[in-house]
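Heads up: the structure comes next, in structure tokens.
Computed from a predicted model, the values in this text were never measured in an experiment.
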Amino acid sequence: AENVIWALGTAATLGASSILEGSILAGTAITVGANAEIRGCALAQSAVTFGSEGTVTLPAACTACPAGTTSPAGSASAAA
């Protein structure tokens with residue numbers, strides 16, 4: 001889902017065990033529930049908060065998070 005972008009003017013919440021294909025851009029914050037998976041990037045002006053065991057699978061074009069950002073400890077990976 002490298003060319004799919006979900007753009008929101010406010011905050012976004014992904015429920016527990018949800019799967020998001022594509023990148024999400026939120027005007028304020030993104031909250032990712034427990035065991036949720038993002039197959040793309042999550043970018044917000046304030047914060048991106050992950051529940052336990054959440055994962056982010058970066059698109060093949062991405063090799064690392066942008067400068068000044070972080071991903072959940074031990075869960076970010078580059079797509080093959």
- How many angstroms lie between CD in Gln45 and OG1 in Thr10, if you round to the nearest 0.5 Å?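 One gets 11.0 Å once the value is rounded to the nearest 0.5 Å.
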- Task: Ignoring hydrogens and angles, tell me if any N or O in the side chain of Ser18 forms a donor-acceptor pair with the backbone of Ala36 under 3.5 Å.
- Result: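 No.
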- Have a look at Ile24 and tell me which of Val48, Val32, Ile30 forms a side-chain contact (heavy atoms from CB on, under 4.5 Å) with it.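 Result for side-chain contact (heavy atoms from CB on, under 4.5 Å) with Ile24: Ile30.
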- Query: So if you build clusters from Ile, Leu, Val, Met, Phe, Trp, Tyr with side-chain heavy-atom gaps below 4.5 Å, do Val4 and Leu14 land together?
  - Reply: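 Yes: a chain of side-chain contacts under 4.5 Å links Val4 to Leu14.
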- Message: Let me check something: do Ile19 and Leu8 share a hydrophobic cluster, defined by ILVMFWY side-chain heavy atoms less than 4.5 Å apart, either directly or through other members?
- Response: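 No, separate clusters.
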- Message: Among residues at least two apart in sequence or on other chains, which ones pass side-chain contact (heavy atoms from CB on, under 4.5 Å) with Ser17?
- Response: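 Here the qualifying residues are Asn35.
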- Item | Minimum side-chain heavy-atom gap Leu20-Trp6 below 4.5 Å |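 In short, these two side chains touch, coming nearer than 4.5 Å.
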- Query: Shortest non-hydrogen contact from Ala44 to Ala29?
  - Reply: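 For Ala44 versus Ala29, the nearest heavy atoms are CB-CA, 3.8 Å.
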